[in-house]
Amino acid sequence: MPMEKTFDAAEAEARLYEAWEKAGCFTAGANASRAETFCIMIPPPNVTGSLHMGHAFNNTLQDILVRWHRMRGFDTLWQPGQDHAGIATQMVVERELAKAGKPSRREMGREKFLETVWEWKQQSGGTIINQLKRLGASCDWSRNAFTMSGAPGAPAGEEGNFHDAVIKVFVDMYNKGYIYRGKRLVNWDPHFETAISDLEVEQVEVDGHMWRLRYPLEGGATYEHPVEWDEDGNPTAFETRDYLVVATTRPETMLGDTGVAVHPEDPRYKHLIGKTVRLPLCGRSIPIVADDYADPEKGTGAVKITPAHDFNDWEVGQRTGLRAINVMTTRAAMWLKDNPDFAEGCDPDLVAKAIERLDGTDRYEAREAIINEATDDGWLDGIDSDRHMVPHGDRSKVAIEPYLTDQWFVDTAKIVGPALDAVRDGRTKILPEQHEKVYFHWLENIEPWCISRQLWWGHQIPVWYGPSKEELDAYPAVYSGLPQSFCAPSFEAARELASQYYGEDVQIGEFPSTGPARSYAFGWNGPKLSIDLQRDPDVLDTWFSSGLWPIGTLGWPEQTDELNKYFPTDVLITGFDIIFFWVARMMMMQLAVVDQIPFHTVYVHALVRDEKGKKMSKSLGNVLDPLELIDEFGADAVRFTLTSMAAMGRDLKLSTQRIAGYRNFGTKLWNAARFAEMNGVFEGYAPDGTIPQPAETVNTWIIGETARVRQTVDDALAAYRFNDAANALYAFVWGKVCDWYVEFSKPLLMDGTPAQQAETRATMAWVIDQCLILLHPIMPYITEELWGTLGQRDKMLVHADWPTYGPELIDAQADREMNWVIGLIEEVRSARAQMHVPVGLQIPMLFTELDAAGRAAWDRNEALIQRLARIESLEAAETLPKGCVTIAVEGGSFGLPLAGIIDVAEEQARLEKTLAKLEKELGGLQGRLKNPKFVESAPEDVVEETRELAAAKGEEADKLRAALARLAELA
RNA sequence: GGGUGAUUAGCUCAGUGGUAGAGCGCUUCGUUCACAUCGAAGAUGUCGGGAGUUCGAAUCUCUCAUCACCCA
């Protein structure tokens, strides 16, 4: 049965993938024939995620490296898995509960909610796995990992031990003093009511206002405010003011103001430092402090300071000893009632009034109310419109509130050193190199990493709280509010620690951690003290667990075979957007935990954009769905497109037209194979790895070309130059094999001697097999399908042996000869087309000169040239007759007698144009050769090459000039 | 404001000192038995501007312009 004309990707892909999986082709170590290992960890997609273009790109590159190594016989593992995406998953499940009208998270309680999340995970968490399979990703799915596996409450099928790894690392780092709990300003997401890390904050430019507020000076203080200036900007007129004007974009925070800062050298305010102003609305008396943070050039030069609600203000407050007053709830509403910090130092009447009007109002309502009040009471100095950056939560999209809370932090300064050293001394390389700068810059200025989250879905912090001994001793006189912490992998272990601390005779129990953090209970039952420890309710940042991905997925802390074999892993392929989130943290954590680098190379790829260069985003509606593209063009076409555009460090602008082009490339390959099949090339073909040793130049030549492209592909992949590999293969398969070799083979296969036929069949079978093998990492499906269709094989292509032959297969003589033949055919075709010779017309050809090499080349390849250039005969001639088209090639001068067909003037024009081009090139070459400095300084081979080229061009030009002269004579 | 990168054919982009390239698009011709998801031929470039280093610069240096991204 003849092959179809095209490859049916839709039909074949699922079938082939299933066959690979069923045969265990992707399991760790499959097809290994050597001791070296090769391991890639997939950057774990969100369990809530679905495949987007970035994933498709990222995983195509990984798959290429993995398939390449597996075919080369490395002991290969591509470790897949997903991360549990704390906020995102909790958000998805809460939204589903709301949609279904079910009880909310808080209504159902922590345990029940987590059950629901696990149910959701088991139903929907596999989406992206199936999508990766459609792309052809050859991950070892039997090892699929999950960052929450083995956590308490994990259902059957989720028994891994990732949770153990996370908890063990927390405890170890805690014991080493790398983790601490502290009260600091954090980025607080008022929607999710949790802290987030500064990396999860997006700066969004918004149109807003700068409100100027008047804070009256106390104690009769005044200052001179400039109102007129001369040309040089020196003030010339002043007015006396008994108030300061501060400008703010966030008036609602003023209730938490505890100072006004001015620059220590600012002449306007210098004498006011140490004096006070009276805060409107609540009558708090707050000091005027000196700090460089106040920029005299900006606004009025006086800045209100709200340490509890602004990062810069916090710093100022720390430096100048100001109080920090929190005036907001976790939902960013005003918190004034029952807020002793707020009330302290204020006018009780004003406090009562403020509570009445503002307590519990949302921050934006409060802003409006305060501005109205200021307008009515005359302390609003003015309003300027102002475009400024406002931090937003990347998940919730609401404005982030700097918020003063107790959180857990990794003291990154203590573990950053080894991560910097590893890249500095080259043990880990980041490609392209420019990203190393980004890495260094971030790590050298690293801030403490806030790792606690006020969520339920995640690894609960393994710390239990109890009363301190001081508190017990002083009971009931003192409530310290400073509990004793016990950090341990389990409650039992924490109880051990507690027993050591409190003494053996104290009864210790656990109280469920439902309340606020750091609560505990204790009491005396007669003389017997009983203490209920309570676990910290917070969970860890998801990136804390993904930071352990390299060891966690391999079974650590168990010393598994896989861990010993595959760690440290080899290459990490990831997008630049998570260098901070993930790469840097993996480096720090692996080095801190097992004292080894996690991988020797990080390949950072660029962004996939739409064809206009815009970032793909749902809101712009310019998202290309990789799955739709796979449906339309096939996975191979999508993969090849992404690969061919994967130039290091450059963004990809993806257009469907380009994908269609590579789909066509697949069809081209398919039809070359179809041609071979139709000509019995694969009949009785038994590939045993031997390379044909043909006698025909054309066969020798294509074997050399194959060796050349194999070298190019290997070099390119070794250097992570994926586009070079793809483009070399494209040029070879289409430009060499299909355009020339298949055409050259036709006369041999159809009219050759039995010996010629046999060797040509053997060569073509081998060449096509090599195309399939070399293309397989990039286009796995169509190549596997052809491999199976064309012949009987011992192994599937996915496990075929990657070739190692090299330049020894290149025959310089065959190379020269075939290039001469191709050149001649192209010249003839070009002349014919320009002279409007009918395409199908067979014409005779004459030659006036032809050197020995040319003669031999002609004789050996006569049939090919005649067929492809449509020449019916070749004869020697003394001179070319009138009406003859001249063709000059190296070592030969040919003519096509076309009297009556061609226009002499047109031929003249054609020759002149060719000659002009030639002379221009020649001019450049000779100019260089005439320059003695060039001959002196340039490398010898360059000079030699230039000489040869000049000679060849000169010879060709002479021939053309002779032809032109002849034309002139005859005209 | 700081940093990084980019600017090459109509479009998208390769090209790290030695003959300016590819794909797409465009024009003309062509369905002879691998393929019209095809073939043959053709046109299109002061390599962003300027200066410098060099025998020689798209490539190295400086400078200007424009754009993009990251960080404040």
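Below, chains carry the letters A, B, ... as their sequence lines are ordered, and counting in each starts from 1.
Ranking B:A40, B:C38, B:G5 by closeness to the A:K668 side chain, first place goes to B:C38. Across B:U19, B:C55, B:G39, the shortest atom-to-atom separation from the side chain of A:D739 is found for B:G39. Among the nucleotides B:G18, B:C24, B:A34, the one closest to any side-chain atom of A:Q657 is B:C24. In the set B:C35, B:G18, B:G39, B:G18 carries the atom at the smallest distance from any side-chain atom of A:A938. Looking at the side chain of A:H441, the nearest of the listed nucleotides B:U37, B:U12, B:C71 is B:C71. The nucleotide whose nearest atom lies closest to any side-chain atom of A:N931 is, among B:G18, B:A34, B:C55, B:C55.
Protein atom NZ of A:K933 is 12 Å distant from nucleotide atom P of B:U53, rounded to whole Å. For the pair A:R674 CZ and B:A34 P, the interatomic distance rounds to 9 Å; values are reported in whole Å. Between the C1' atom of B:A34 and the CD atom of A:E677 lies a distance of 11 Å, rounded to the nearest Å.
With 3.5 Å as the limit, one finds no donor-acceptor pair spanning the side chains of A:Q203 and A:H392. Between A:T760 and A:N699, the side chains place a donor N or O and an acceptor N or O closer than 3.5 Å (distance only, hydrogens not considered). There is no side-chain donor-acceptor pair under 3.5 Å between A:E826 and A:S830.
In this model, the phosphate group of B:U54 is not approached by any side-chain N or O of A:S937 to a distance below 4.0 Å at OP1 or OP2. The phosphate of B:U37 has neither OP1 nor OP2 within less than 4.0 Å of any side-chain N or O from A:R663.
With hydrogens and angles left out, the side chain of A:K5 and the base of B:C35 share no donor-acceptor pair within 3.5 Å. For B:A40, its base never sits under 3.5 Å from the side chain of A:Q834 at any donor and acceptor pair.
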Problem - Pairing annotation in dot-bracket form, given for RNA chain B with Watson-Crick or G-U pairs under 3.5 Å and | for cross-strand partners - result: ((((((((.[[[[.)..(..]]]].(((((.......))))).....[[[[[..)....]]]]]))))))).
Fill in the blank from the handout: With sugar-phosphate taken as primed atoms, P, OP1 and OP2 and all else as base, the protein-contact string of nucleotides 27-32 of chain B at under 4.0 Å (heavy atoms; B, S, -) is --S--B
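Residues from residues 711-724 of chain A lying near RNA chain B, meaning a heavy-atom separation below 4.0 Å, are A:R721 in numerical order.
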